[in-house]
Amino acid sequence: MARFSLTKQAKLIKTDDFSSVFNFRKRISTHYLIIHYRPGAQGQARLGLVVSKKTAKSAVHRNYMRRVLRELFRLQQHEIGAIDLIIRVQKSFSQTDFMQIKQEFNVLMTKLKQRMQPLIANPDSVSVATDK
RNA sequence: GAAGCUGGCUAGACAGUCGCCGUUCGCAUUUAACUUGUCAGUUUACUGACUUAGUUAAAUGGCGAAGCCCCUCGCGGGCUUACGCAACGAAGGGAGGAAAGUCCGGGCUGCAUAGAGCAAGAUGACGGCUAACGGCCGUACGCUGAAAUCUUUCUGGCGAAAGCUGGGAAUUAUAAGGCGCGGAAUAGGGCCACAGAGACGAGCGUAUUAAGUUACGGUGAAACGCGGUAACCUCCAUCUGCAGCAAUAUCAAAUAGGCUGGCACUUUUAUUUGUGUGAAGGUACGCAAGUAAAUAAGGCGUGGCUCGCGCUGCCAGCGGGUAGAUAGCUCGAGCGCACAAGCAAUUGUACGCCUAGAUGAAUGACUGUCACCUUAGCAAUAAGGCUACAGAACCCGGCUUACCGGCCAGCUUCACUU
RNA sequence: CGGGGCGUAGCGCAGCCUGGUAGCGUACUUGUCUGGGGGACAAGGGGUCGCAGGUUCAAAUCCUGCCGUUCCGA
């Protein structure tokens, strides 16, 4: 039975984790969001969020966007697989745009699955990719 | 009742689903004993069985760490730990009045320090409060402060008149309240545009007088006067050591470098030191050690092997210390209430309470109902907003700035009624 | 957390320290030179000096508090 809890194991915590994902240089972008991804070795999807001060000046507004994205990730984390993700907010959104954000997130997840399919099929290529 | 103003409190509510972060407790499973309950036997007491709940004791159990023991020495096995972590369950807690700006003041920590002074900076009516302040309270002063009131005046209506009433304008003093307050100008220096005869030294012009004796002089903010300006320099009084929780303390990986010890250390050249040959000094030669450069060998990697290519002294320990972890980290000039002192700020006493501690950063997301607001509508209701300003980062006292509303209390003026 | 700079015409900047007139370049408008354009020359318009309060006879300038923007250090 899949649980929906979001623990510390499902987060990117250290600076090395973040920079390794960014250095992998793979990303998918939509109108509001940009996703950087990298196949991870933890056997679990892990999430990092970046909401810069440039997108929204109010801290309350930035916290809202962070929480919504965290919630969406929490509900789908078991369907994603062992991937490290960093979600970046490109354009600010508010509570009226919630349904649109949800759709965009789903689109991003399906795209991500399609791209990760060959990597998961033969794990040797994953190891080669991570070495480089 | 109307108008103006001040202070305090609050910061949508409830329910459902899925979650996040601390704190405390229980850990999960098995066994035994006791208490309670039921049933059976039965001498109002005892025995046996069962189940649920609670308490106590023991054992077993996930990962890691430390210690001990055994051994066939290996990434072995076993035991212990009021050691940690993970996982599970329960209880209880979880953003603000400004958490914001970072403008002042203090605690705390480190460094420095007998004490004092210089420099630099800040403050400046008087008195008080305070841990302290540039803050607060009281008093005095200045500026301001009403469509209300007083006074004057113009005008319209009613009326025989007295008078009543509506509108406009001007003026004066103000209420509650708001804002401000910068000590010293014979201690000294600087500056005072334009205008004006003259701008800080006094002199000049006219009139006058025994006499620089007296009076006046269009301008200008200030004019014939030893003025104004210290939010110009300065002087006086008071205060301030410097830095900031990324402070600071403890533990501590990898890599590079440092120190120590052991092993390895070929040859040549240069140089330094010691020593021998030499009667002595110098020179020369030999030996030993150190340093530098080059080279060979060795080692490692590439590889089935050789050649080749690339890198390079090897091993162990120590100390500093980075990433990281832990502490600092929330019980404090704390909050509530009552009484007392005081005009007040505030202080004292008694009682009660514990109220966020995150660190790539939690305190939430969604749905429904009600409340609130806006629009439409006589209303019922419908649609929309799902609401203001805004998110703790070591902690307090203030100040400033932002802000949709709601509730309560008080003050002043005026009008009406009793 | 600590420290500094900037805000003046549509744009880029002087003036501020040492208070009395707000200016330079460019852009804009008009005119002249040219057959026309470009260019040159001449004239002109355009400023809450970021906002608010204060000191002063007088504030872009001095003082205080805000707002915006930008940079630096730990």
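In what follows, every chain begins at residue 1, and chains take the letters A, B, ... in the order their sequences are listed.
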Which base sits across from C:A22 as a Watson-Crick or G-U pair, both distances under 3.5 Å?
none
C:U64 to B:C154 separation - C1' atoms, rounded to the nearest Å:
49 Å
How far does the C1' atom of B:U346 sit from the matching atom of B:G398, given to the nearest Å?
15 Å
Can you tell me how far C1' in B:U369 sits from the matching atom in B:A390, rounded to whole Å?
28 Å
C1'-based separation of B:A147 from B:C133 [nearest Å]
44 Å
Assign C:G23 to syn or anti; the rule is syn for a glycosidic angle within 90° of 0 and anti otherwise.
anti
Whole-Å distance between B:A365 C1' and A:F105 CZ?
14 Å
Relative to its sugar, using the 90° cut-off around 0, the base of B:U355 is syn
On RNA chain B, nearest-nucleotide positions of A:L49 versus A:E71: which is more 5'?
A:L49
Using whole Å, report how far CZ of A:R62 lies from P of B:A95.
21 Å
With nearest nucleotide decided by heavy atoms, which residue, A:V60 or A:I86, maps closer to the 5′ end of RNA chain B?
A:I86
Nearest to the side chain of A:V50, which nucleotide is it out of B:C366, B:U363, B:G360?
B:G360
Within the structure provided, determine whether A:V50 and A:V89 are in side-chain contact (heavy-atom separation under 4.5 Å).
no
OP1 or OP2 of B:C366 versus the side-chain N and O atoms of A:R67: is any pair under 4.0 Å?
no
When you measure only distances, ignoring hydrogens and angles, does the side chain of A:R74 come within 3.5 Å of the base of B:C18 through a donor and an acceptor?
yes
Give me syn or anti for B:G201, where syn covers glycosidic angles within 90 degrees of 0.
syn
Does any non-hydrogen side-chain atom of A:K26 lie less than 4.5 Å from one of A:H36?
no
Please report the interatomic distance CZ(A:F73) to CD1(A:I87), rounded to the nearest 0.5 Å.
7.5 Å
Could you tell me whether the side chain of A:K102 reaches within less than 4.5 Å of the side chain of A:L72, counting heavy atoms only?
yes
Quick check: do A:L49 and A:I86 have side-chain heavy atoms less than 4.5 Å from each other?
no
Is the shortest heavy-atom distance from the side chain of A:N63 to the side chain of A:R66 under 4.5 Å?
yes
What nucleotide, of B:G360, B:U363, B:A365, holds the atom closest to the side chain of A:R70?
B:U363
May I ask you to evaluate whether A:Y64 reaches the phosphate of B:C366, defined as a side-chain N or O under 4.0 Å from OP1 or OP2?
yes
According to the Watson-Crick and G-U wobble definitions, with both distances under 3.5 Å, which nucleotide is paired to B:U81?
B:A65
Let's test this: given Watson-Crick or G-U wobble pairing with both distances under 3.5 Å, identify the partner of B:A222.
none
Please report the interatomic distance CD1(A:I28) to OH(A:Y37), rounded to the nearest 0.5 Å.
5.0 Å
If pairing means Watson-Crick or G-U wobble with both distances under 3.5 Å, then the partner of C:U69 is C:G5
Partner of B:C88 by Watson-Crick or G-U wobble geometry, both contacts under 3.5 Å, or none?
B:G26
Output the rounded distance in Å from CZ (A:R66) to P (B:A362).
6 Å
For B:A116, is chi within 90° of 0 (syn) or not (anti)?
anti
Round to a whole Å and report the spacing from CZ of A:F73 to C1' of B:A365.
16 Å
With P as the reference atom in both, quote the distance from B:G26 to B:U322 in angstrom, rounded to an integer.
40 Å
Round to a whole Å and report the spacing from CG of A:L69 to P of B:C366.
12 Å
Distance between C1' atoms of B:U10 and B:G97 (Å, rounded)
11 Å
How far does the C1' atom of C:G25 sit from the matching atom of C:G2, given to the nearest Å?
40 Å
Can you tell me the Watson-Crick or wobble partner of B:C191, both distances under 3.5 angstrom?
B:G228
What distance, rounded to whole Å, do you find between the two C1' atoms, one in B:U355 and one in B:G360?
29 Å
As its Watson-Crick or G-U partner within any shown strand, both distances under 3.5 Å, C:C16 has none
Go ahead and name the base partner of B:G321; Watson-Crick or wobble counts if both distances stay under 3.5 Å, otherwise write none.
none
Is there a side-chain contact between A:T30 and A:Q103 (heavy atoms, below 4.5 Å)?
no
B:G97: syn or anti, per glycosidic angle within 90° of 0
syn
Side chain of A:N63 only, please: which of B:C18, B:A365, B:A95 is the nearest?
B:A95
From NE2 of A:H61 across to C1' of B:A365 the rounded distance in Å is 15 Å
